[in-house]
Every structure is written in structure tokens, then in C-alpha cells.
Amino acid sequence: MKKVLVLGGGIGGVEAAIALKKEGFDVQLVSDRDFLFVYPISIWIPTGEISPDRVKIPLSEISKAHGIKLHHGKVKQIKPDTVILEDGTELKDFDYMVVAIGQTKLKHPGIEHTLSVCGSPDEIIEIKNRLDKLIEKGSGKIAFGFGGNPKAPEAVRGGPVFEVMFNVHNYLKKLGLRDRFEITFFAPMEKPGARLGETALKMMDKMFSSMGINKITGKKIKGFKPEGVILEDREIGADLIVFTPAGDGHPVIKDSPLTQTEAGFLKINDYCQVEGFEHIYAVGDVASIEGPQWRAKQGHLAEVMGRITAHNIAIKENMKNEKPESYKPHINIMCLMDTGNGGALAYRSDSKAMLLPLPVIGHWMKKAWGVYFRLTKLGKFPKII
């Protein structure tokens with residue numbers, strides 16, 4: 001039985017490991033965390049609607065459910081034939097390698113004064129702690145924003161920032177404190193959210209206006225300080241800065257001999273195979289994806305890439321008499337944007353762009369998705385999509 005080493009216990013890595021096991025491979029998953037953190041539902045941690053433990057799925061339970069070997073450790077170095085962990089362990093016994101260790105974030109001056117909704121679990125919990133203190137104080141200024149990476153335009157993650165911002169707005173409103181808080185959104189691009197199309201942009205503008213959220217866009221971010229955001233032409237005063245920088249290549253990848261882009265993301269072909277390496281594949285944020293101008297890295301694409309990788313490796317091993325599959329036809333933007341009191345279904349493809357309001361039910365649909373995701377990863381419910 002051929003052995004596959006999967007590096008990374010995030011959404012893409014876990015899905016790749018599960019799919020590879022289903023194809024009949026001997027799979028070992030390496031992760032520096034002992035849990036899968038479900039980022040799409042972590043948006044409710046800051047408002048206390050969900051506990052951090054409910055956002056974590058133990059990898060031990062996932063490995064037991066699917067028969068995957070689990071190794072806890074952090075990747076320090078990747079070579080074509082060897083993976084070295086920080087504790088000195090060397091992993092060499094594999095026929096294929098799937099890299100899914102994610103990305104890092106661009107480091108703006110003063111970034112330590114911000115907290116990201118796409119950062120570590122502890123960082124998201126700290127957003128809640130800081131918000132609780134402001135609520136206890138009874139007033140405050142909160143700035144929400146995200147940045148871009150000119151070298152990797154697809155490595156932007158703005159959706160979760162919008163979701164947490166809208167949830168905080170409705171949470172403060174529910175507490176009767178919204179009029180005592182100033183909420184400001186900022187981003188360096190002229191039209192943040194433009195990937196969703198003009199109709200969606202107009203709808204978002206209406207949401208900002210109806211919620212009384214200040215909007216400052218098209219201004220370069222020069223840095224941050226404890227009391228606010230420094231833009232090229234002004235400063236935004238803030239007691240709490242929730243900011244998600246654009247993605248940058250993982251330092252382990254930048255220091256590896258693997259083929260990569262200028263930004264440090266792995267170059268892959270249509271079949272998720274790292275260019276120049278027959279036995280190495282990459283899925284999720286660690287890879288550079290090619291496609292339309294509006295393309296973006298999302299969790300559902302990482303999952304698709306994981307399944308496609310397993311499919312293509314099985315074909316390479318003559319375990320399936322089918323054609324290899326490309327990830328590119330699966331590139332779209334699809335998310336259920338939650339607002340705390342409802343939601344909206346966002347979708348973008350080459351032929352369609354929409355943002356469909358789902359008052360009340362949208363919130364509960366996302367809650368249901370969270371339950372569905374957990375059950376499928378634990379092998380207790382069949383995967384529908």
C-alpha cells in the first residue's frame with residue numbers, strides 16, 4: 001500500500017487525508033495542533049454566541065473515524081524526500097507528500113496592536129476579551145479592516161471581517177449600547193468586496209449605511225498604534241482594532257527548494273501537483289491558484305483541492321481508470337455571510353455574481369452548516385457537497 005504524508009491539520013489537509021484514505025492509501029497526517037479549528041463558525045466567538053471548544057474538532061477523533069495515522073508536530077523544513085519537524089523528527093517513509101500548511105500574514109508596522117479574526121484561536125478569544133471590557137466600560141471605538149497583497153491578489157480574506165463586524169453591530173444593538181460605540185471599516189482597495197460584483201457592492205453599501213458604520217476605503221495603510229489606525233491621509237481612533245492582513249507565503253515554503261511564486265506560495269499545475277515534483281502536491285492557502293481576476297482562496301476550494309489531489313494520485317497509481325481532474329473549474333466564491341440576525345448568500349462565478357439576502361434564516365443556516373461540517377469530519381454523516 002502506497003504511503004502519503006499530509007502536512008497540515010487545517011480544512012484542506014484534513015479533507016485531503018480523509019479522501020486519500022478512502023482511495024485506499026496509507027495516510028499519515030502531521031499537525032502542530034491537536035484539533036481542526038473551524039474558522040467559518042469562529043465568527044461567533046467574539047460575541048459569545050459560541051464557545052471556543054465548539055469550534056474545535058479533535059484530530060484524534062477524526063483520525064479514529066477514518067483510520068488515519070496522526071503525528072503531532074510542527075514542520076520546520078521540507079525537502080523533496082524528507083520532512084523535518086521542530087522536535088528534530090525526520091519523516092522519510094512516504095511515496096507522496098501533500099503540503100497543506102497554510103500561509104502567514106503580511107506584517108504591517110505596528111501589527112502587534114491589532115487582532116485578526118483569521119489568526120490563531122487565542123487571538124480570536126482575545127477579541128472577545130477586549131470587546132467585553134469595552135462593553136463593561138459602556139462605550140468605545142472599534143475599527144475593522146483587511147489588507148491586500150499586490151503579489152498575490154487572491155490571498156485576501158475579507159468575508160470573516162465583514163461577518164464579525166456585522167455580528168458585533170447587532171450584539172451591541174441587542175445590549176442597547178450601539179449608539180455609544182463608533183464602528184469604522186477600512187481597507188486600502190477602492191472597492192473591497194468587488195469580487196462579488198457590482199450588485200453585491202451596492203447591497204453592502206446599504207448595509208453599512210443602515211447600520212451606521214463609517215467606511216474609509218482606497219487609502220493606503222501605513223501602520224497601527226495602540227490608539228488607532230494610521231492611513232496615508234488620516235488616522236482612525238480606535239480602542240480595538242480587528243484587522244486581517246493579506247496572506248503571504250509560509251516561511252517554511254520560502255526556505256524550501258519547492259517551486260514557488262514571488263510571494264512564496266507553491267506553484268501548482270491544474271492537478272494540484274507542485275511544478276517540477278512528481279510526488280508532491282499542494283492544497284489550500286499554501287498554493288498559488290490561477291484563474292479569473294476575482295478568484296479568492298476559500299475553505300470550500302481547499303476541500304475540493306484535497307479531494308482532487310486524492311483522486312489524481314489514485315489515477316497516477318493505476319487505482320482508478322479515470323481522467324485526472326483540475327481544480328480550476330471549481331474556482332468560485334461561495335459563502336453564507338452571517339450578520340448575527342440573519343445572513344446573505346454570496347456567490348461569484350464566470351457567469352453569475354449575486355448577494356442574496358436571507359433575513360433570520362441565514363443565521364440559522366450557517367449554524368446548521370457548522371453542525372453538518374463537524375458530523376461529516378467525524379464520519380457520522382455523509383458529505384453532500
Self-check item: 4.5 Å side-chain heavy-atom contact, Y96 and V6
Solution: no

Quiz item: Does the salt bridge (Lys or Arg N to Asp or Glu O under 4.0 Å) test come out yes or no for K380 and E61, once each step is laid out?
Solution: CA-CA 11 Å; K380 296 180 179 180; E61 294 184 20; 5.6 Å; no

Quiz item: Does the side chain of K383 reach to within under 4.5 Å of the side chain of Y372, using non-hydrogen atoms?
Solution: yes

Self-check item: same_hphob_cluster(L240, I125) at 4.5 Å side-chain heavy-atom cutoff
Solution: yes

Practice problem: Taking only Lys NZ, Arg NE, NH1 and NH2, and the carboxylate oxygens of Asp or Glu, determine whether K316 and E278 approach each other closer than 4.0 Å. | Solution: yes

Quiz item: Parallel, tilted or perpendicular: which describes the rings of F162 and F166, with under 30° parallel and over 60° perpendicular?
Solution: parallel

Quiz item: Are any of the side-chain heavy atoms of H330 and E325 separated by less than 4.5 Å?
Solution: yes

Quiz item: So if you build clusters from Ile, Leu, Val, Met, Phe, Trp, Tyr with side-chain heavy-atom gaps below 4.5 Å, do L345 and M365 land together?
Solution: yes

Quiz item: For F186, what residues pass the ring-ring contact (aromatic ring centres under 6.0 Å, His included) criterion, not counting sequence neighbours?
Solution: F243

Practice problem: Supply the atom-to-atom distance T259 OG1 to E275 CD, rounded to the nearest 0.5 angstrom. | Solution: 6.0 Å

Quiz item: Do the charged groups of D205 and K215 touch, with an N to O distance under 4.0 Å?
Solution: yes

Practice problem: Just jot down the ring-ring contact (aromatic ring centres under 6.0 Å, His included) partners of F373, sequence neighbours excluded, or say none. | Solution: W369

Exercise. Take the angle between the ring planes of F94 and H279 and call it parallel below 30°, perpendicular above 60°, tilted in between.
Key: parallel

Quiz item: If you count the non-hydrogen atoms of other residues, nucleotides and ligands that lie under 6.0 Å from CD in Q77, is the total more than 12?
Solution: yes

Practice problem: Decide yes or no for I253 and I101: does some side-chain heavy atom of the first lie under 4.5 Å from some side-chain heavy atom of the second? | Solution: yes

Practice problem: Please check if any side-chain donor atom of T89 sits under 3.5 Å from a side-chain acceptor atom of D87, or the reverse. | Solution: yes

Quiz item: So, for I11 and E303, which heavy atoms are closest and what is the spacing to 0.1 Å?
Solution: CG2-CG, 3.4 Å

Quiz item: Would you call D248 and K254 a salt bridge, using N to O less than 4.0 angstrom?
Solution: yes

Practice problem: Please examine the side chains of I221 and L231, heavy atoms only from C-beta on, and report whether any two atoms are closer than 4.5 Å. | Solution: yes

Self-check item: ILVMFWY network linking I127 to I41, side-chain heavy atoms under 4.5 angstrom
Solution: yes

Extract all donor-acceptor atom pairs below 3.5 Å that involve side chains of residues 139-159 and protein atoms in other chains or at least two apart in sequence.
unit_1	atom_1	unit_2	atom_2	d
N149	OD1	K151	N	3.0
N149	ND2	G247	O	2.9
R157	NH1	D285	OD2	2.9
R157	NH2	D285	OD1	3.0
R157	NH2	K297	O	2.9

Quiz item: Got a salt bridge between R130 and D239, using NZ or NE/NH1/NH2 to carboxylate O under 4.0 Å?
Solution: no

